[in-house]
Amino acid sequence: MHQVGPDSTPPADALSQAVIEIERHVSSAGWDQPAQLFALVPTEDLLRAEPQLAAELGAEDASQPLTPVAQGELPGGLDDENLADALAQIEWPDGVSGCAVAVERIVLPASAEAGLSDADSDAELARMAGSDPRRHEVRMVAGVLREGGQFGAVRLRTHDEDSAVLTGIDLVPTLCQVLSLTFEPSVDGATVGRGLDDGPLDNRPLGDGPVRGLSDNKEKRP
């Protein structure tokens, strides 16, 4: 069994286990949900400090090194600007080893994105993307660790089965990058380092456009 404590880093597979658990938990409630945030807490620490809470969360033992703890819906809706602003306000306590976010998005193939540059507003952009027959409705779950490491899971609405969920470290890289900023040190409440107001990282929306892994570099898990 992996030992996870205050002075150790969770094993790499702990993050993938947590992300897959979160994706299945969120998916069990169906589609058209708001963005949801989760803290990832070392299970052994939770069992030791708050055994009653651990029992309520189903963490009876440390066979899964990280336990997701729901933080509720993120305010401001699902659009990229509001999501980035909400994440920019978060600063995790030391006992949190990682975090994850679940969002729903409409993604288009790269060939379809060129025409979206003609949109005059975000509302028009959403309307154009939502009416494109090539669109895919997807749920993305991105997870990161304080000490580094990222993992993502993507479910297509047209293939709404656990066995069809795509998983891997490079599926939603931009969303993972933004999520990692919640662990950056802050001075007077301001995040040190690159600001979220500087625009999307890698010049890509938080939804990452065509999801990396829909056609290549993908890993599937049952």
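Quick caveat: nothing in here was measured; it's all calculated off a predicted structure.
Minimum heavy-atom separation, Ala102 to Val26: CB-CG2, 4.1 Å. Minimum interatomic distance between Val144 and Ser180 (heavy atoms only, all atoms of both residues): CG1-OG, 3.5 Å. Residue Ser97 comes nearest to Phe183 through the heavy atom pair C-CZ, 4.3 Å, listed as atom of the first residue, atom of the second, then distance. Between Gly98 and Val96, the shortest heavy-atom distance links the atoms O-CG1, 3.0 Å. The shortest non-hydrogen separation linking Gln64 to Ala18 is NE2-CA, 4.0 Å. Nearest heavy atoms, Leu83 versus Arg105: CD2-NH2, 3.7 Å.
The side-chain contact (heavy atoms from CB on, under 4.5 Å) test applied to Glu56 returns Gln52, Leu53, not counting sequence neighbours. With sequence neighbours excluded, the residues forming a side-chain contact (heavy atoms from CB on, under 4.5 Å) with His25 are Phe38, listed by chain and number. The side-chain hydrogen bond (donor to acceptor under 3.5 Å, both in side chains) search around Gln150 returns none, not counting sequence neighbours. By the side-chain hydrogen bond (donor to acceptor under 3.5 Å, both in side chains) test, Arg146 is found to be paired with no residue, residues two or more places apart in sequence or in another chain being considered. Among residues two or more places apart in sequence or in another chain, the side-chain hydrogen bond (donor to acceptor under 3.5 Å, both in side chains) test is passed with Glu137 by Arg157. Remark: Ser27 pairs with Glu23, Arg139, Arg155 by the side-chain hydrogen bond (donor to acceptor under 3.5 Å, both in side chains) rule, at least two apart or across chains.
Within the 4.5 Å cutoff, the side chain of Phe151 has no heavy atoms near those of the Leu171 side chain. Considering only heavy atoms from C-beta on, Leu66 stays 4.5 Å or farther from Val41 through its side chain.
Each of Thr67, Val19, Ile22 was evaluated against Leu40; a single residue qualifies, Ile22, per the side chain to side chain contact (heavy atoms under 4.5 Å, CB included) test. Of the listed residues (Val103, Leu74, Thr182), just one forms a side chain to side chain contact (heavy atoms under 4.5 Å, CB included) with Leu37, and that residue is Leu74.
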Take Val101 and Val141 through the test side chain to side chain contact (heavy atoms under 4.5 Å, CB included) and record every step on the way to the result.
-> CA-CA 6 Å; Val101 65; Val141 178; over 6 Å; no
Let me see the working for Thr167 and Ile20 under side chain to side chain contact (heavy atoms under 4.5 Å, CB included), right down to the final yes or no.
-> CA-CA 8 Å; Thr167 62; Ile20 291 170; 4.2 Å; yes
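In terms of modelled atom types and a separation under 3.5 Å, the side chain of Gln36 and the main chain of Gln71 share no donor-acceptor contact. Within the 3.5 Å criterion, the main-chain N or O of Leu47 finds no donor-acceptor partner in the side chain of Glu50.
Considering CD1 of Ile90 and CG of Leu87, their distance stands at 5.0 Å, rounded to 0.5 Å. Annotation: the span from Asp162 atom CG to Ser28 atom OG amounts to 9.5 Å, rounded to 0.5 Å.
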